[in-house]
Every structure is written in structure tokens, then in C-alpha cells.
Amino acid sequence: MELTVIASSSEGNAYVIQNEGEALLIEAGANFSKTLEALGHNVAKVNGCLITHEHGDHAGHVNEVLSYGLPVYASRGTCNAIENKIRSAYKPRVLDFDSVGNYFDLQLGRFEVYPFAAKHDAAEPLAFYIWHPETGGILFATDTYYIRPTFADLRTVMIECNYAADILAANVEKSANGMTWQRAQRVRASHLSLDTCLAALKANDLSHVNNVVLIHVSAGNGDARRFKKAVEQATGKPTHIARPGLKIDLNINPF
């Protein structure tokens with residue numbers, strides 16, 4: 001099983017997890033032609049596409065995904081938020097929850113998907129714990145300022161590391177990159193900082209983790225090299241910065 005990063009930034013986000021026979025897409029925020037290339041144009045093996053929330057860099061290309069008849073899954077809030085933008089005859093499918101707020105799990109081929117609530121300025125944002133017999137547990141969490149649950153059998157962690165508090169504060173002070181106090185408050189209330197990313201990682205049992213992938217690193221408020229070094233030092237795990245074209249072996253046993 002292999003991860004391919006199509007895009008991972010405020011400009012767009014899309015990821016493919018696949019082997020020869022099946023694939024799972026996460027996010028639809030990049031031109032679908034790039035995803036098609038990663039799939040070798042074999043859309044028949046796609047079990048589904050997961051969307052975290054309605055913002056354009058995560059769902060802006062959902063019509064392209066739907067136009068191929070591929071099932072797209074998102075929360076009810078997200079589905080409602082993008083409803084008037086859907087041009088395809090196919091519609092996204094709702095991920096719903098029970099009376100106490102726990103989302104129902106989803107079986108997509110051999111992928112088991114467990115949605116959980118994220119903390120972002122969106123209608124009903126989600127993050128996902130994904131399990132497959134070839135990969136074990138995969139955490140996918142982006143566009144959230146906090147991650148509440150902890151997870152079992154983690155083998156791959158795909159986690160947002162968007163900004164560093166000191167870089168953001170310096171940008172506000174210098175008015176760099178158009179950063180105002182109001183914009184900075186929005187970043188703090190909707191994205192995962194380096195410190196919070198490290199706290200989330202340390203809260204989990206990482207003993208079986210093979211790879212940490214830092215996603216959605218801010219170009220203006222982040223520092224990819226610094227973030228990678230900090231996470232590697234804190235976890236002792238191989239850490240990658242998600243960039244277009246990055247490929248990572250996700251198999252539990254890499255040999």
C-alpha cells in the first residue's frame with residue numbers, strides 16, 4: 001500500500017492511498033487530473049473519497065470526483081455547505097452520527113473508516129482514523145486546532161502542523177504576508193500549531209508507527225525544516241513533509 005501526496009497546502013489538498021487493486025482518496029481540493037495520474041487512470045479501483053470539510057482547498061474539486069461516479073463521503077454539515085456547488089448528477093453521501101454524537105464507521109472495500117469531529121471554522125469538519133489489513137491504523141487530521149481522541153494500532157500519522165506561534169506572532173508584528181491580528185486569531189482558532197501537533201503525537205502510543213507525515217504546513221507561518229526536526233526529536237520516528245509527488249510505503253511490514 002502506498003501514499004501519494006497530490007497537494008498539501010492552503011492552495012489545495014488531495015491524497016491517494018492505494019495498492020494494485022483498491023484505492024482510497026482523501027480530500028478533493030486539487031485538480032482531479034493529478035489524482036488520475038497517480039491512479040494510473042484506473043478509477044475502477046477507487047472505493048471512495050473522504051472530505052474533511054467544505055473549504056475550497058479541501059472540497060473545491062469535488063464535482064470532478066463525482067463526475068467519475070466515485071462515492072464521496074462527508075458530514076451532513078459539509079454536504080449541506082457544498083450542496084449548491086454540486087453540478088454532477090451524483091451527490092456526496094452523508095456520514096452521520098448516533099444519539100451521543102459518535103459517527104458511524106464506514107466500510108469501503110477493505111478500508112475501515114472511523115470519522116470523528118475536528119475543530120475548525122467550518123460547518124461540521126471531520127478527521128479520520130483509517131484501518132486496512134495492509135497498513136494498520138492511519139490517522140488523518142487536518143484543519144483542526146485540537147485533537148481530542150487517542151488511537152490504537154497507529155502505524156502512520158498524517159497530521160497537520162500548520163504554524164509556529166512565534167512565527168505567527170512575528171508576522172503580525174511586522175504585518176508580514178498581510179497578517180493582521182484578526183487573521184492570526186483565525187489561524188489560532190482553526191489550525192494545528194507545532195506545539196499542539198507535538199502534544200497530540202505524545203498523547204498517543206507511537207511504538208508501532210512507521211511514518212509521521214506533516215500535512216498542510218503554512219508557507220508563511222510555518223517552517224517545514226524546523227517542524228520536521230522537532231517532530232523527529234520528540235517522537236524518534238521518520239518524519240516527512242507532505243509535498244506534491246511525495247510517495248511513502250504504508251505497509252505494516254515494508255519488506
Side-chain angles (χ1 to χ4, degrees), residues 1-8 13-28 30 34-35 37-40 42-52 58 65 70-74 95 103-116 118 126-142 144 147 149-161 192 197 200-216 228 231-232 235-255:
M1 192 72 72
E2 184 177 68
L3 165 69
T4 301
V5 176
I6 308 301
S8 185
N13 295 270
Y15 310 84
V16 179
I17 299 174
Q18 65 179 324
N19 59 20
E20 291 185 1
E22 56 185 337
L24 180 68
L25 311 183
I26 308 177
E27 309 287 43
K34 299 175 182 178
T35 299
E37 290 177 14
L39 291 166
N42 182 10
V43 295
K45 71 175 183 177
V46 176
N47 293 322
C49 176
L50 306 175
I51 303 290
T52 59
H58 296 263
V65 181
L70 301 178
V72 172
Y73 299 89
L95 295 170
Y103 284 86
F104 297 110
D105 58 286
L106 180 67
Q107 189 77 42
L108 298 175
R110 294 193 297 163
F111 290 100
E112 296 177 23
V113 179
Y114 300 86
F116 62 97
L126 296 176
F128 303 101
Y129 175 85
I130 302 161
W131 189 91
H132 187 281
E134 291 182 19
T135 65
I138 301 170
L139 171 63
F140 183 89
T142 188
T144 184
I147 299 173
T150 55
F151 308 90
D153 189 34
L154 279 177
R155 304 301 178 115
T156 300
V157 179
M158 300 176 65
I159 187 169
E160 180 179 50
C161 193
L192 208 66
C197 173
L201 289 167
K202 291 176 181 178
N204 282 276
D205 178 4
L206 304 180
S207 57
H208 298 295
V209 167
N210 295 320
N211 294 286
V212 176
V213 185
L214 302 182
I215 60 179
H216 211 308
K228 172 180 165 67
V231 171
E232 285 182 334
T235 65
K237 297 297 179 178
T239 302
H240 313 266
I241 302 298
R243 293 188 174 94
L246 175 69
K247 295 179 184 293
I248 300 175
D249 184 345
L250 299 189
N251 289 314
I252 293 176
N253 299 309
F255 304 106

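FYI, side chains are in, hydrogens and waters are out, and symmetry mates aren't considered; it's all heavy atoms of this structure. One-based numbering along the sequence shown.
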- Query: Just wondering, more than 12 heavy atoms not from Gln107 lying within 6.0 Å of its CD?
  - Reply: yes
- Query: Side-chain contact, heavy-atom cut-off 4.5 Å: Asn13 with His58?
  - Reply: yes
- Between atom CD1 of Ile17 and atom CD1 of Ile248, what is the distance when rounded to the nearest 0.5 Å? 10.5 Å
- Would you say Leu50 and Val113 make side-chain contact, with heavy atoms under 4.5 Å? yes
- Message: Applying side-chain hydrogen bond (donor to acceptor under 3.5 Å, both in side chains) as the test, list every pair that has at least one member in residues 236-245; sequence neighbours left out.
- Response: Asn211-His240
- Query: Which distance, rounded to the nearest 0.5 Å, do you find between the CG of Leu192 and the OG1 of Thr144?
  - Reply: 6.5 Å
- Task: Say whether, by atom type as modelled, one donor and one acceptor occur between the side chain of Asn19 and the main chain of Gly21 under 3.5 angstrom.
- Result: yes
- Query: Of the non-hydrogen atoms in Ile51 and Phe128, which two are nearest, and what is the gap between them?
  - Reply: O-CZ, 3.7 Å
- Query: Side chains of Cys49 and Leu70: closer than 4.5 Å at any heavy-atom pair?
  - Reply: no
- Quick one: does Tyr129's side chain have a donor or acceptor within less than 3.5 Å of a partner on Phe116's backbone? no
- Note on the structure: Rounded to the nearest 0.5 angstrom, the OH-CD1 distance for Tyr15 and Ile6 is 10.0 Å
- Message: Donor-acceptor check, side chain of Glu27 to backbone of Thr52, threshold 3.5 angstrom: yes or no?
- Response: yes
- Task: Could you check Glu37, Gln18, Lys34 and say which one makes a side-chain contact (heavy atoms from CB on, under 4.5 Å) with Thr4?
- Result: Gln18
- Message: Using every non-hydrogen atom in the two residues, find where Leu126 and Ala74 come nearest and quote the distance to one decimal.
- Response: CD1-C, 4.5 Å
- Query: Which heavy atom in Leu39 sits nearest to a heavy atom in Ala23, and how many Å separate them?
  - Reply: CD2-CB, 3.8 Å
- From Asn204 CG over to Phe151 CZ, what is the distance, rounded to the nearest 0.5 angstrom? 6.5 Å
- Side-chain contact, heavy-atom cut-off 4.5 Å: Met158 with Ile138? yes
- Message: Has Ser8 got a side-chain atom pairing as donor or acceptor with His216's backbone, closer than 3.5 angstrom?
- Response: yes
- CD1 (Ile130) and CG (Asp105) are apart, to the nearest 0.5 Å, by 13.0 Å
- Message: Tell me whether Asn251 contacts the main-chain N or O of Met1 through its side chain, where contact means a donor paired with an acceptor under 3.5 Å.
- Response: yes
- Item | Partners meeting side chain to side chain donor-acceptor pair (under 3.5 Å) with Glu22 (sequence neighbours left out) | Asn47, Arg110, His132
- Non-hydrogen side-chain atoms of Phe140 and Thr156 separated by less than 4.5 Å: no
- Task: Measure the CG-OG distance between Leu154 and Ser207 for me, rounded to the nearest 0.5 Å.
- Result: 9.5 Å
- Shortest non-hydrogen contact from Asp153 to Gly136? OD2-CA, 3.8 Å
- Item | The single option from Val5, Thr142, Ile159 passing side-chain contact (heavy atoms from CB on, under 4.5 Å) against Ile215 | Thr142
- Item | Distance-minimising heavy-atom pair for Gly48 and Leu108 | CA-CD1, 4.3 Å
